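The next block holds one structure in the form of structure tokens; read it before the comments.
Quantities reported herein were computed from a predicted structural model and do not represent experimental measurements.
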Amino acid sequence: MTFPVVGMVGGGQLARMTHEAGIPLGVRFRLLAASPQESAAQAVSDVVLGDHRELETLRSFARGCDVITFDHEHVPTEHLRALQADGVVVRPGPDALVHAQDKGVMRARLDALGVPCPRHRIVRDVADVTAFAAEGASGAEGAGGSGDGSPGGFPVVLKTVRGGYDGKGVWLVRDEAGAAEPFRAGVPVLAEEKVDFVRELAANVVRSPHGQAVAYPVVESIQVDGVCDTVIAPAPDLPAERAVRAQELALRIAEELDVVGHLAVELFETRDGRVLVNELAMRPHNSGHWSQDGAVTSQFANHLRAVLDLPLGDPRPRARWTVMANVLGGDYPDMYAAYLHCMARDPQLKIHMYGKDVKPGRKVGHVNTYGDDLADVRERAAHAAGYLRGTIQE
């Protein structure tokens, strides 16, 4: 067999779906997972159990792989540099991935590139947060102030520079008294203005080592309690010029940072028509799950093509509208019993489950719907996700 072995570090649902995308290509897949119960470990035949924070575990895992990639950004940067020094092919490489691992590094580099971002600064303590907030209160609204008349320029957003996801490691601080919590972890903290945005968008692109790149339609991402709930592809009522600007921005970031693989650029669309970069993710991303059923080539398939330096696939949508809704765990653990209703009600419905134990608020799957009528497509996705969770009974 001459087909390559792709090693993916991390055993979550992103690895599970990336593995699925590689099966038709005959690509062999090796997984480094923390336990056999993890989502991808249930589906992949070649599983190595170990800790991604241990260099020797990574070295042993890499010996059986042609290329290493990731379903999360938590592998220590210095370990990835050591693997590269050993001759291991790592994609994306540590010089790129660090911008998704460390929000302080990311903001500094985007500033240097002139990429529009929220006003921000690394803060040392509560007094520094208060000073940062006051700077926004004294500045013009268009210059980055919150513009909401809050005392002292609050609220502001505080983020730990490493390790946060799905709302974890992020605090909306409304006054000085609330600013102490983020510092208790003893890690650097990034302060950002609270952006007055209309909605959140995401621009997903994929780039290969030889520089080929493709851009998916810009999507709207709807968050509930800091967790992605619904993604609409393409983003409704987004002016064509603004959509192209967001795609060009994501492609430029991918090139400047030398990203190989999938890059998700999470964005704020502001009330005054600006597009600001919120976060970066260098792996398949929740905002791209719609592409499994709604695009000619999914984000997972294109991520694999990129890390293997194969020609990239067509990212264009198959239908006018595709809506993805996350299925969150609730108090109703037997989701399989709901399949009969969901599938009978909507034969076009696509259900993707992750093999996870059902816990309240946990992402355990997602559904995709598509069609020509956006209101109908949204209703079908919301109904299926709600029925599977148990919050809708009819």
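Residues passing the side-chain hydrogen bond (donor to acceptor under 3.5 Å, both in side chains) test with N302, sequence neighbours excluded: Y216.
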What donor-acceptor contacts under 3.5 angstrom involve side-chain atoms of residues 319-326, with partners at least two apart or in another chain?
residue : atom : partner : partner atom : Å
N326    : OD1  : N286    : ND2          : 3.4
N326    : ND2  : C228    : O            : 2.6
N326    : ND2  : N286    : OD1          : 2.9

Listing, residues 250-261 side-chain donor-acceptor contacts under 3.5 Å, not counting sequence neighbours, or none:
residue : atom : partner : partner atom : Å
R252    : NH1  : L113    : O            : 3.2
R252    : NH2  : L113    : O            : 2.4
D258    : OD1  : R207    : NH1          : 3.0

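Using modelled atom types, one finds a donor on one side chain and an acceptor on the other under 3.5 Å when comparing T69 with H303. Side-chain contact, T77 with Q101: a donor N or O sits under 3.5 Å from an acceptor N or O. Side-chain atoms of D293 and H352 form a donor-acceptor pair, as typed in the model, at a separation below 3.5 Å. Using a 3.5 Å distance cut-off with no hydrogens or angles, the side chains of H366 and Q292 do pair a donor with an acceptor.
Looking at D46 and R30, a side-chain N of the basic residue comes within less than 4.0 Å of a carboxylate O on the acidic one, giving a salt bridge. A salt bridge does not link E192 to K103: none of the charged nitrogens lies less than 4.0 Å from a carboxylate oxygen. A salt bridge does not link D357 with R362: every distance from a Lys NZ or Arg NE/NH1/NH2 to an Asp or Glu carboxylate oxygen is 4.0 Å or more.
Judged by the 6.0 Å distance and 45° axis criteria, R119 is positioned over the aromatic ring of F132.
No close placement of the F300 and H19 rings is indicated, their centers lying 6.0 Å or farther apart.
Note on ring orientation: taking the six-membered ring where Trp is involved, the planes of Y354 and H289 are perpendicular (angle over 60°, cut-offs 30° and 60°).
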